[in-house]
Structures are given as structure tokens and as C-alpha cells.
Student: 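Okay, here's the structure, questions in a sec.
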Amino acid sequence: MFWVSLLIVHGLLAVALMGAVTHQAVAVFRSRGGKAGFVESYATVRDKMFTNAIIWLYLATFVVGSWIYTHYRYTVRTILEDLGQESTVGIFEYKEHILAVGLALLPVYWLLWHRIPTAEAKGARKGVTVFIAIAVWVGFLGGHIVNNVRGLM
Amino acid sequence: MDDAGIRPGFAARTFPAFSIFASIGYFLFMGFGLSPFVYYPETGDFTWAAQPDLGPPMFWYGWMVYAAIVGLAGGLLTYLLPIRWSLALVRGLGWLLWAVPTLIMLIILFLLRHYF
């Protein structure tokens, strides 16, 4: 029950993180002056305000996920390997790598949003933000796939 | 003024290099399977070298420790460079901040192809 509770906490943190980083990633590409429809409203947020929340959510999700990973390694993964679910194991491997690289990018991500004027780093800010958003999505979907595969077996 | 717009403080001169060096460090140590320690979650043991009788090993934490060390070293070395050079990663070479991690993840995807 302990690990299941921790997994739920991990999932809730990941949902909050995914929502925030997706909002910011869309906002960083927004074109100003469009019609005030749903898409424009979704993209018209104070994107800079999301940065610290995204960093703290990323760290919290990462720490909880790293703890769950220990349990996954000697229980779930060995079962998946025994059942020949190599692709599921591979998806989790990719998730751990992209999230570790995303973690390394957090300092420069913070810098680009808080210390560098927009005009100086527009492209870098877009690129790093989108990379982190993709890492979070890959992590979320990868975790879900592993969880669902195990649940369906 | 040459550096107009960017305050050349400690963060601006070190964080970009930290992120790039840590990403590359992680990739290299992961790729070569080099870790300063191994963790065995089933028994809770940390060892300096792999011990097959302790259950499934985890190298991931070690790779991140090495990546952090490489990142810190890269950041501090960059801080020692002239300001113009140490700010290059947030100015003309800013594209490297997303291109390098993207390339790394494409190569890792290739390295993991045997799973798929």
C-alpha cells in the first residue's frame, strides 16, 4: 500500500507539472493579437510566472519518482523481463534518461526565464522550455504505459 | 555596450555551461556504463563495484552524481573565462542549450533500439 500511495502522489505531481509546463510551452510560441478564442486564451498567460512552480514541481516529482524507481527495479522490471516485455522496459529506460537530462537543464531554464532579457534569448528560451515539456510528457506517458501494462497482465 | 541586456553575474556565466556539461557528462557515463557506485534496491546496499549476488543493480544514481560533478566543473571553468566567452552560451550560441540535449536524446534512443 505504501508504494501505491507514493505512486499516486507521484502521478498527481506529474499531472500538475504537465499542465504547467504545457501552458508555458504553448505560451512561449503564442502569436499576439489573435481572436480571443479558447486557444488564444489558453496561450495568453503570464508565462514567466510558471517557471518557479515548474522547477519545484519537477524536483518534487523527480525525487518521488526516484524513490519509486528502487521498488520498480527489483519487482516490476524483473517481472516485465520474465514476460518478455522488452519494449516496456525500454520505454522506462528512455524515460529515466530524458528526465535526468531535463534535470540538468533546470538551472539554465531558470536563468533564461528570470535573468536574461527576452530579446537576448528568445530562441534558447523556446528551445529549452519545449525540451523540458517534451521530457515531462515522455515521463508521464512512459510511466503510464509501464503502469498500465503491468495492470493489464 | 557589448554585454548590454545581460547582467554578467555568477548565474549567467555558469548555469548554461553547467547544464550543457552535465547533459554531456550524463550521456557519456551512461553510454560507457561508468558509475562511481552501484545501488542494490533489494538489499539496500551501496557498493563501489558490481556484486551480482546482491540482486538487480541500479547505476542511475551514480550517473547523475558524475553528471553533476562534470557540470559543476564545466560551470566553474567557464566562470574563469573572460566574460565575453562565458556569456557566449546565452548569446550567439544559445541554440546549443536545446540542440545538445536533443541530439543526446536522439542518440540514446538509437542506443536503446535493442529494446524495441
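So that the names make sense, note that chain A is the first sequence line, chain B the second, and so on, each numbered from 1.
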Student: Tell me if a side-chain donor or acceptor on B:Tyr115 pairs with a main-chain N or O of A:Gln85 at a distance below 3.5 Å.
Tutor: no
Student: Below 4.5 Å, heavy-atom pairs only: which of B:Trp95, B:Tyr61, B:Phe27 has the largest tally toward chain A?
Tutor: B:Tyr61
Student: Select one option (side chain, backbone, both, neither) describing which atoms of B:Ala11 are under 4.5 Å from chain A's heavy atoms.
Tutor: both
Student: Hydrophobic cluster membership, with links at side-chain heavy-atom distances under 4.5 Å among I/L/V/M/F/W/Y: are A:Trp56 and A:Leu12 in one?
Tutor: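 Unlinked, A:Trp56 and A:Leu12 end up in two clusters.
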Student: Please report the interatomic distance CD(A:Glu120) to CG(B:Leu87), rounded to the nearest 0.5 Å.
Tutor: 9.5 Å
Student: If you take all heavy atoms of B:Leu112 and A:Gly90, which pair is closest and at what distance?
Tutor: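 Smallest interatomic distance, heavy atoms only, reads CD1-O, 4.2 Å.
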Student: What is the distance from atom OG1 of B:Thr43 to atom OH of A:Tyr74, rounded to the nearest 0.5 Å?
Tutor: 9.5 Å
Student: Is it the backbone or the side chain of A:Ile132 that comes under 4.5 Å from a heavy atom of chain B, or both, or neither?
Tutor: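 No part of A:Ile132 comes within 4.5 Å of chain B.
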Student: Within the structure provided, determine whether A:Glu96 and B:Trp63 are in side-chain contact (heavy-atom separation under 4.5 Å).
Tutor: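 Answer yes - side chains close enough.
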Student: Is A:Arg125 in contact with chain B via its backbone, its side chain, both, or neither, using a 4.5 Å heavy-atom distance?
Tutor: neither
Student: Closest heavy-atom contact between B:Met64 and A:Phe62?
Tutor: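 Heavy atoms of B:Met64 and A:Phe62 come nearest at SD-CZ, 3.5 Å.
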Student: Quick check for you: among A:Ala100, A:Gly102, A:Pro107, A:Ala121, which has the greatest number of heavy-atom pairs under 4.5 Å with chain B?
Tutor: A:Pro107
Student: I want to check something: taking the side chain as every heavy atom from C-beta on, are A:Val130 and B:Trp98 in contact at a cut-off of under 4.5 Å?
Tutor: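 The answer is no, as the side chains (C-beta and beyond) never meet within the 4.5 Å cut-off.
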Student: What part of A:Tyr69 gets closer than 4.5 Å to chain B, counting heavy atoms only: side chain, backbone, both or neither?
Tutor: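 Contact with chain B: backbone and side chain both.
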Student: Can you tell which part of A:Thr88 gets under 4.5 Å to a heavy atom of chain B, answering side chain, backbone, both or neither?
Tutor: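 The answer is neither part of A:Thr88.
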Student: Hydrophobic clustering (ILVMFWY, side-chain heavy atoms < 4.5 Å, transitive) - are B:Phe110 and A:Val101 grouped together?
Tutor: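 Different clusters.
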Student: For the backbone of B:Pro57 and the side chain of A:Arg73, can you confirm whether one donor and one acceptor N or O come within less than 3.5 Å of each other?
Tutor: yes
Student: Apply the side-chain contact (heavy atoms from CB on, under 4.5 Å) test between A:Thr70 and each candidate in B:Tyr39, B:Trp60, B:Tyr40; give the one that qualifies.
Tutor: B:Tyr39
Student: When rounded to the nearest 0.5 angstrom, what is the spacing between OH in B:Tyr26 and NE2 in A:His97?
Tutor: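 These two atoms lie 4.5 Å from each other.
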Student: Hey, any chance B:Leu81 and B:Leu72 share a hydrophobic cluster, counting ILVMFWY side chains that come within less than 4.5 Å of each other, even indirectly?
Tutor: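 No, it is not one cluster - the side chains of B:Leu81 and B:Leu72 are not joined through contacts under 4.5 Å.
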Student: Find the one option among B:Met30, B:His114, B:Glu42 whose heavy-atom pairs under 4.5 Å with chain A are most numerous.
Tutor: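 Highest number of pairs under 4.5 Å: B:Glu42.
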Student: Any chance you could measure B:Ile108, atom CD1, to A:Ile98, atom CD1, to the nearest 0.5 Å?
Tutor: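 Interatomic distance, B:Ile108 CD1 to A:Ile98 CD1, rounded to 0.5 Å: 8.5 Å.
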Student: Just wondering, do A:Val108 and B:Phe18 contact through their side chains at under 4.5 Å, heavy atoms?
Tutor: no
Student: Are B:Thr102 and A:Ile134 side-chain neighbours, meaning at least one heavy-atom pair lies under 4.5 Å?
Tutor: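 SC-SC contact between B:Thr102 and A:Ile134 ruled out.
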Student: Please answer whether the main-chain N or O of A:Ala104 pairs with a side-chain N or O of B:Ser19 as donor and acceptor at a distance below 3.5 Å.
Tutor: yes
Student: Please say yes or no: joined through hydrophobic side-chain contacts below 4.5 Å, possibly via intermediate residues, are B:Ile83 and B:Tyr79 part of one cluster?
Tutor: no
Student: A:Val63 and A:Leu99: same hydrophobic cluster, using ILVMFWY side-chain contacts below 4.5 Å?
Tutor: no
Student: Do B:Phe116 and A:Glu86 make a side-chain contact, defined as non-hydrogen atoms from C-beta onward lying under 4.5 Å apart?
Tutor: no
Student: Does atom CZ (A:Phe2) have a neighbourhood of more than 12 heavy atoms from anything else shown, all under 6.0 Å?
Tutor: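 Correct, the count exceeds 12.
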Student: Does CH2 in A:Trp110 sit with more than 12 non-hydrogen atoms of other residues, nucleotides or ligands closer than 6.0 Å?
Tutor: yes
Student: Calculate, to the nearest 0.5 Å, the distance between atoms OG and CE belonging to A:Ser66 and B:Met58 respectively.
Tutor: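 Answer for the OG-CE pair, A:Ser66 versus B:Met58, is 8.0 Å.
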Student: Evaluate B:Met105 against A:Tyr94 for side chain to side chain contact (heavy atoms under 4.5 Å, CB included), listing each step before the verdict.
Tutor: CA-CA 8 Å; B:Met105 290 318 304; A:Tyr94 195 70; 3.4 Å; yes
